[in-house]
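Any value given below was found using the heavy atoms of this structure, including those in side chains, with hydrogens, waters and symmetry copies removed. First the proteins, then the strands, lettered A, B, ... as listed; each starts at 1.
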2 protein chains.
Amino acid sequence: MKKKIYVHVADDHKILIEGIIAVINTDKDIEIKDYSLTGQEVVDWFDKKGNKADVLILDITMPILDGFEVLRHFNKKQINQKVIILSSYDDIKIVQEMLSLGCNGYITKNNAGEHIVNAIKAVANGEQYFSEDIQKIVIKSFSGKFVLPGDSPEKSLIEALTEREIDVIRLISREYSSPEIADKLNLAVSTVDTYRKSLLKKLKVKNAVGLAMYAVKNKII
Amino acid sequence: MKKKIYVHVADDHKILIEGIIAVINTDKDIEIKDYSLTGQEVVDWFDKKGNKADVLILDITMPILDGFEVLRHFNKKQINQKVIILSSYDDIKIVQEMLSLGCNGYITKNNAGEHIVNAIKAVANGEQYFSEDIQKIVIKSFSGKFVLPGDSPEKSLIEALTEREIDVIRLISREYSSPEIADKLNLAVSTVDTYRKSLLKKLKVKNAVGLAMYAVKNKII
DNA sequence: TAGTCTCTCCCCCTTTTTGGGGAGAAGAAA
DNA sequence: TTTCTTCTCCCCAAAAAGGGGGAGAGACTA
């Protein structure tokens with residue numbers, strides 16, 4: 001017989017917890033260990049000796065301590081707790097923050113029912129699990145460009161760059177050297193160097209790093 | 001009756017194209033318009049008046065022009081062509097580059113059969129489509145760098161950087177040269193170069209631009 | 001105590017970048 | 001027609017970056 005997966009659920013709405021328990025009870029490999037209604041309760045429960053769960057289902061908005069604080073607590077105490085975020089937020093910033101705090105899964109409440117059991121099993125098994133809508137926004141944000149902290153895309157000189165210069169700055173930003181760029185664009189290395197020089201002058205930056213940063217800021221990579 | 005989805009396939013291996021056609025022909029909503037064996041053929045085909053396809057299935061490694069070049073061509077000509085990358089590469093760098101070039105889907109060849117029809121329908125419908133393995137590595141690369149100490153499989157890269165290395169990568173990202181960094185940190189230039197080298201090795205990037213990009217992505221600048 | 005990690009510096013060498021200059025061809029604009 | 005921009009390539013030289021390697025001091029840790 002397979003080993004049971006023990007789960008702790010934390011959400012400030014009792015009714016939602018009951019719903020989750022009902023869904024999970026349909027699967028005999030999973031068992032709810034206990035539940036919490038606030039972040040503080042979660043922290044206290046896991047701090048108490050003998051209390052542990054394979055997977056913690058965690059809401060974000062909770063009184064006293066929210067989901068972020070709970071994860072920060074685990075990180076600070078170096079507790080390696082597997083956590084699935086169950087949230088109504090599908091905002092990329094929140095997802096990103098949760099990922100950076102080390103959550104193992106993220107599912108949204110509007111399609112929790114179909115995902116929760118699979119998510120628990122995957123995460124208990126050491127995998128990550130994200131519902132489709134979350135996968136989508138993560139990938140979307142990935143294909144969008146990176147934004148540097150605290151800078152607005154300045155009066156873009158970008159119009160002042162010629163087509164070829166844009167070709168070159170793009171490849172520089174992707175870590176290519178001049179010989180490699182020359183090869184890709186079918187140009188002489190000396191020509192690529194000419195573009196490098198004119199780019200440095202036009203954009204008033206010191207080196208290739210400055211060019212790459214400019215490309216990032218102005219979303220031309 | 002539903003409108004047919006017209007597809008153009010590009011791969012330098014005829015046999016693979018034949019396989020794809022065979023799979024697609026099982027679905028009566030999709031029709032192969034034509035195919036190309038090189039990137040140049042793709043570009044020429046789409047440039048030719050009257051030729052158009054709802055979705056382009058595109059291989060990366062092809063003679064004359066590769067998949068990257070084909071997408072760059074579309075971007076340069078401001079052609080809004082829906083593209084699904086069909087590749088044997090599941091390297092995050094390549095996926096990332098393709099995403100930034102605006103591809104609408106990415107599936108790997110080893111599980112193309114089960115995905116290709118759904119991918120085509122999704123992309124034709126304006127959605128994005130990525131096979132599970134690609135979704136996984138994208139999300140992993142998104143979260144992987146942030147995984148916290150004591151946690152999870154491998155140690156996070158950012159945690160693996162020493163204090164001094166972070167000092168150096170920060171200054172590199174601000175366009176400082178090694179002599180300048182040495183001056184600012186009161187070190188010998190050779191010491192700064194040692195840090196540069198260990199950073200390049202640890203972060204698996206090619207040059208200072210790669211270091212700066214890493215710093216931006218991981219918000220350590 | 002022995003081992004590992006970090007910080008520091010050095011040697012060698014090759015490749016690349018940066019900085020200065022010039023210049024021809026094509027095309028568009030004045 | 002002349003002028004301007006863009007694209008292309010070249011020369012030279014100095015500075016910087018990249019790629020090996022080694023090595024000592026100090027601190028932490030198994």
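- Put simply, NZ on B/Lys201 is 16 Å from C1' on D/dA17, counting in whole angstrom units.
- Between the P atom of D/dT8 and the CD1 atom of A/Ile181 lies a distance of 13 Å, rounded to the nearest Å.
- If you take NZ of A/Lys206 and P of D/dA16, they are 9 Å apart, rounded to a whole angstrom.
- Evaluation of the salt bridge (charged side-chain N to carboxylate O under 4.0 Å, His left out) test over residues 186-198 of chain B, restricted to residues two or more places apart or in two chains, returns none.
- Comparing atom distances between the A/Leu200 side chain and each of C/dG19, C/dC7, D/dC7 picks out C/dG19 as nearest.
- The ring-ring contact (aromatic ring centres under 6.0 Å, His included) search around B/Phe46 returns B/His8, B/Phe74, not counting sequence neighbours.
- The side-chain heavy atoms of A/Tyr106 and A/Ile60, taken from C-beta on, include a pair separated by under 4.5 Å.
- Residue pairs meeting the salt bridge (charged side-chain N to carboxylate O under 4.0 Å, His left out) criterion with at least one member in residues 60-71 of chain B, sequence neighbours excluded: B/Glu69-B/Arg72.
- Here B/Asn51 pairs with B/Trp45, B/Lys48 under the side chain to side chain contact (heavy atoms under 4.5 Å, CB included) rule; sequence neighbours left out.
- Atom CD1 in A/Ile166 sits about 13 Å away from atom C1' in D/dT6, given to the nearest Å.
- At least one side-chain heavy atom of A/Leu211 sits under 4.5 Å from a side-chain heavy atom of A/Leu200.
- A/Lys82 pairs by the side chain to side chain contact (heavy atoms under 4.5 Å, CB included) definition with A/Asn104, A/Val123, not counting sequence neighbours.
- Under the side chain to side chain donor-acceptor pair (under 3.5 Å) criterion, A/Tyr176 pairs with no residue at all, not counting sequence neighbours.
- Counting to the nearest Å, the C1' atom of D/dT8 and the CD atom of A/Glu163 are 15 Å from each other.
- Evaluation of the side chain to side chain contact (heavy atoms under 4.5 Å, CB included) rule for B/Thr61 yields B/Asp59, B/Tyr89 as partners, not counting sequence neighbours.
- The residue from B/Thr162, B/Ile166, B/Val168 that alone fulfils the side-chain contact (heavy atoms from CB on, under 4.5 Å) condition with B/Leu199 is B/Val168.
- Side chain of A/Gln81 to backbone of A/Ala53: a donor-acceptor contact under 3.5 angstrom is found.
- Note that the two end axes of the helix from C/dT1-D/dA30 to C/dA30-D/dT1 enclose an angle of 40°, each drawn from 5 base pairs, rounded to 10 degrees.
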Scan nucleotides 15-17 of chain C against the protein and return all N/O pairs shorter than 3.5 Å with their distances rounded to 0.1 Å.
residue: C/dT17; atom: OP1; partner: A/Arg196; partner atom: NH1; Å: 3.3
residue: C/dT17; atom: OP1; partner: A/Arg196; partner atom: NH2; Å: 3.4
residue: C/dT17; atom: OP2; partner: A/Ser178; partner atom: N; Å: 3.0
residue: C/dT17; atom: OP2; partner: A/Ser178; partner atom: OG; Å: 2.9

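- Distance CD (A/Glu165) to C1' (D/dC7): 10 Å, rounded to an integer number of Å.
- A close approach under 4.0 Å does not occur between any side-chain nitrogen or oxygen of A/Arg164 and OP1 or OP2 of D/dT6.
- Not a single salt bridge (charged side-chain N to carboxylate O under 4.0 Å, His left out) links B/Lys184 to another residue, sequence neighbours left out.
- D/dA17 atom P lies 11 Å from atom CG of B/Leu211, rounded to whole Å.
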Please list, for nucleotides 25-30 of chain D, all pairs of protein and nucleotide N/O atoms separated by less than 3.5 Å.
none

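- Here the straight-line distance linking atom CZ of A/Arg170 with atom CD1 of A/Ile181 works out to 12.5 Å at 0.5 Å rounding.
- Within 6.0 Å of OH in A/Tyr129 there are more than 12 heavy atoms belonging to other residues, nucleotides or ligands.
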Identify all pairs in which a protein N or O lies below 3.5 Å from an N or O of nucleotides 9-13 of chain C, and state each distance.
residue: C/dC9; atom: OP2; partner: B/Ala188; partner atom: N; Å: 2.7
residue: C/dC9; atom: OP2; partner: B/Thr191; partner atom: OG1; Å: 2.7
residue: C/dC9; atom: O5'; partner: B/Thr191; partner atom: OG1; Å: 3.2
residue: C/dC9; atom: N4; partner: B/Thr194; partner atom: OG1; Å: 3.2
residue: C/dC10; atom: OP2; partner: B/Ser190; partner atom: OG; Å: 3.2

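- Taking side-chain N and O atoms only, B/Tyr195 has no distance below 4.0 Å to OP1 or OP2 of C/dT6.
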